[in-house]
There are 2 protein chains.
Amino acid sequence: MAMRQRHLAAFIALAETGSFKKAAAQLHQSPAALSVSIKDLETSAGVQLFERTTRTVVLTEAGVSFVPAARRAWIANHEAESSLTQIATGQGGRLRLAVAPSVALAWLPSALSQFIRQHPRVEVTVIEGTASHVSDAITAGYADLGIQGASGVSPDLVGEVIYRDPIVRVGRGGIRIGLTEGTHTEQLLANAGIEPPRIQVDTPQLAVRLAQSLGGHALLPSLTLGALESEPMPHIAPRDICRLTRTSEHDNPVIRAFMRELLVTIQSFDGATKPSGLA
Amino acid sequence: MAMRQRHLAAFIALAETGSFKKAAAQLHQSPAALSVSIKDLETSAGVQLFERTTRTVVLTEAGVSFVPAARRAWIANHEAESSLTQIATGQGGRLRLAVAPSVALAWLPSALSQFIRQHPRVEVTVIEGTASHVSDAITAGYADLGIQGASGVSPDLVGEVIYRDPIVRVGRGGIRIGLTEGTHTEQLLANAGIEPPRIQVDTPQLAVRLAQSLGGHALLPSLTLGALESEPMPHIAPRDICRLTRTSEHDNPVIRAFMRELLVTIQSFDGATKPSGLA
DNA sequence: GTCGCTTACGGTCTGCGTAATCATA
DNA sequence: TATGATTACGCAGACCGTAAGCGAC
């Protein structure tokens, strides 16, 4: 037997309306077409599902028994369809983020709260980690969107700069407290001709603390500082913040929707702290 | 968007196999046909669901998100189909019986126990009542199959004699104990030229009891007596036991299946008590 | 070169509407 | 007689298979 959707639709409409004419109207069909659909269904099944006189149509017992399963199938089909449109418009599905800590701290709370408000049916998971962790998570398929400070490393990842984070100075002392050598930030500083830091630490927060207590200074991406007071260092190239996705997810609607929120967040933060623009 | 079953089938097969060639084989199709099905689905939805290279096919995030709903719909469709075939073969659905008390007592236990053993997915309900109750239940739609002693009364009911129940005598005394005038049995006796009973009672059981204690006799359908000893009354026409259904349920498969069991039961009972046959 | 996905094309078959027919209230 | 279900018929479009193409191993 080959039961198609039109058979289900025909059966349900006829069962609900009790009239070929009304059911046909409901399905935007001619009564004749509906009649053959029902007849096909009945003959292929081998049971009569409706008892017709010329004026009236009633479900047989077999028809009554079939109603629940038919309705379930019909609903499931519609839910599949609407699920797909939701996925296609970014209102459904899941979003697996991998973000660098500074990003997580600075932008994520605001961007995520906006996003989940406007996309209540999307499941969100977040992984926080260093740049290499982030890109690994993307490549390995544990996450679908990465936000981090270094641009793409793997060939099948596509990266795009979404923010140019300026390097700023905290404190005025002579001793420089910096991050571990080899980090993206320190590479930028080295490229700008600045000597390696006297004291190397793990996190920007610790660098700031030490700079303050030792009377030194720290050169750090501005995002890592929060509202802390700092001086701009315009001659040092900024740290590029990138979005990272697998090439196959380049048109993922959920990612697009989240990126929209994120960019709004970035702009609003940027406007609040520094009147001049961003990249 | 118009998502048809072939789109669902194509999506699921491709998601499961990860190859157009294999999925096409599974669907007994050419890879080309499958390719356009998937493409149609993707363009109508507006999302890419698979990432293809020439050699490999992988679900995108959107595709992954769609899998559960697609599979649910697919399963529901198949369950609807199998539900219908079960209904058509009498293995599913429901059976609402209305039976006369004598039938309920004599045949129902055996017939029903056989039936529910062989049709475990059929819901069974039983109404017990007099002949008019039975036919009313059928007409009103509370029951679908009636077994009773009088033949069909309502025009849109179809009746069929399934057993000719002989009238027998219990006791040898002169006083006749009988059922209330107007019952089917008493009409048969009147037609045979027998005078109305001296004492009229409600139930065959009571008639037998009184006949024994008063030293009278009772003329009753043999079915009402169980294993009680009795003498045949061959010159009195037997009571016809009928099946009753609405005309619309004439080909109801569950009813057919139950009738098969019932007739087997009747034959075995009949063979056990009286070597000679039935109608 | 080989394998597998995609595109193009032509034929078939499904499924529709129109119109005529049938049956009942 | 009027209404609504059914049957017959012809057409439009969906859908498939074959064959040619294209790109990656």
Side-chain angles (χ1 to χ4, degrees), chain A residues 1-45 47-60 63 77 81 154-156 246-248 251, chain B residues 1-45 47-60 63 77 81 154-156 158 246-248 250-251:
Chain A
M1 181 203 327
M3 185 169 59
R4 301 193 185 284
Q5 281 184 316
R6 43 178 266 276
H7 295 127
L8 271 183
F11 175 81
I12 289 170
L14 186 53
E16 279 176 354
T17 61
S19 148
F20 277 83
K21 194 180 186 183
K22 289 179 193 164
Q26 183 176 309
L27 298 170
H28 308 291
Q29 270 194 156
S30 71
L34 181 62
S35 180
V36 315
S37 285
I38 295 290
K39 186 180 185 134
D40 286 354
L41 183 62
E42 286 179 328
T43 52
S44 81
V47 221
Q48 197 171 343
L49 297 170
F50 296 94
E51 179 70 19
R52 311 92 146 136
T53 67
T54 49
R55 296 286 204 182
T56 173
V57 180
V58 218
L59 281 167
T60 61
N77 284 326
E81 199 164 326
S154 171
D156 65 321
R246 287 185 295 283
T247 52
S248 61
D251 80 337
Chain B
M1 183 207 321
M3 185 169 60
R4 301 193 186 282
Q5 280 184 315
R6 40 178 271 274
H7 296 126
L8 270 184
F11 175 80
I12 290 171
L14 187 54
E16 280 176 353
T17 62
S19 147
F20 277 83
K21 194 180 186 182
K22 289 179 194 166
Q26 183 176 309
L27 297 171
H28 307 291
Q29 271 194 154
S30 69
L34 181 63
S35 180
V36 315
S37 285
I38 295 291
K39 185 179 186 136
D40 286 355
L41 183 62
E42 287 179 328
T43 51
S44 80
V47 221
Q48 197 171 343
L49 297 170
F50 294 94
E51 179 70 19
R52 310 97 146 133
T53 67
T54 49
R55 296 286 204 182
T56 173
V57 180
V58 219
L59 281 165
T60 61
N77 284 327
E81 200 164 326
S154 173
D156 66 320
V158 47
R246 288 185 296 283
T247 53
S248 62
H250 198 241
D251 80 337

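The basis for the numbers below is simple: all heavy atoms, side chains too, and nothing from hydrogens, waters or symmetry mates. Quick note on labels: first sequence line is chain A, next is B, and so on, each numbered from 1.
OP1 or OP2 of dC16(C) lies within a sub-4.0 Å distance of a side-chain N or O belonging to Gln29(A). Regarding contacts with the backbone of dG4(D), every side-chain N or O of Ser19(A) stays at 4.0 angstrom or more from both OP1 and OP2.
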Test side chain to side chain contact (heavy atoms under 4.5 Å, CB included) on Phe50(B) and Leu59(B) and set out the steps. CA-CA 4 Å; Phe50(B) 294 94; Leu59(B) 281 165; 3.3 Å; yes
Let's go through Asn77(B) and Met3(A) carefully: what are the C-alpha distance in whole Å and the side-chain angles of both, what is the deciding distance for side chain to side chain contact (heavy atoms under 4.5 Å, CB included) to 0.1 Å, and is it a yes or a no? CA-CA 8 Å; Asn77(B) 284 327; Met3(A) 185 169 59; over 6 Å; no
As a quick check of understanding, evaluate side chain to side chain contact (heavy atoms under 4.5 Å, CB included) for Arg52(A) and Leu14(A), giving each step before the final call. CA-CA 11 Å; Arg52(A) 311 92 146 136; Leu14(A) 186 53; over 6 Å; no
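In this structure Gln5(A) satisfies the side chain to side chain donor-acceptor pair (under 3.5 Å) test with no other residue, sequence neighbours excluded.
Counting only distance, with no hydrogens or angles, the side chain of His7(A) and the backbone of Arg4(A) share a donor-acceptor pair below 3.5 Å. Between the Glu42(A) side chain and the Leu49(A) main chain, a donor and an acceptor come within less than 3.5 Å of each other.
Between atom CD of residue Gln48(A) and atom NZ of residue Lys39(A) there is a gap of 10.5 Å, rounded to the nearest 0.5 Å. Here the CD-OG1 distance, from Glu51(B) to Thr56(B), works out to 9.5 Å after rounding to the nearest 0.5 Å.
Regarding Lys21(A), its NZ atom lies at a distance of 16 Å from the C1' atom of dT18(C), rounded to whole Å. Straight-line distance from the CE atom of Met3(B) to the P atom of dC15(D): 14 Å, rounded to whole Å. Summarising the geometry, the separation between CG on Leu14(B) and C1' on dT6(C) is reported as 13 Å, rounded to the nearest angstrom. In this entry the distance linking CG of Asp40(B) with P of dC5(C) reads 17 Å, nearest Å. A straight line from CD1 of Ile38(B) to C1' of dT6(C) spans 13 Å, rounded to a whole angstrom. Taking atom CG of Leu41(B) as the reference point, atom P of dC15(D) lies 12 Å away to the nearest angstrom. Between the CZ atom of Arg4(B) and the P atom of dC16(D) there is a distance of 11 Å, given to the nearest Å. When rounded to the nearest whole Å, the span between CG of Leu34(A) and P of dG15(C) equals 14 Å.
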Provide a list of protein-nucleic acid N or O atom pairs under 3.5 angstrom, restricted to nucleotides 20-25 of chain C.
unit_1  : atom_1 : unit_2   : atom_2 : d
dT24(C) : O4'    : Thr54(A) : OG1    : 2.6

Tabulate protein N/O versus nucleotide N/O from nucleotides 6-9 of chain D, keeping only pairs under 3.5 Å, one per line.
unit_1 : atom_1 : unit_2   : atom_2 : d
dT6(D) : OP1    : Arg52(A) : NE     : 2.6
dT6(D) : OP2    : Ser35(A) : OG     : 3.1
dT7(D) : OP1    : Lys39(A) : NZ     : 3.4
dT7(D) : OP2    : Lys39(A) : NZ     : 3.2

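Backbone-only engagement by His28(B) is indicated by non-hydrogen atom pairs under 4.0 Å involving sugar-phosphate atoms exclusively.
At a threshold of 4.0 Å, the pair Arg6(B)-Asp40(B) counts as salt-bridged, since one of the basic side-chain nitrogens sits closer than that to a carboxylate oxygen.
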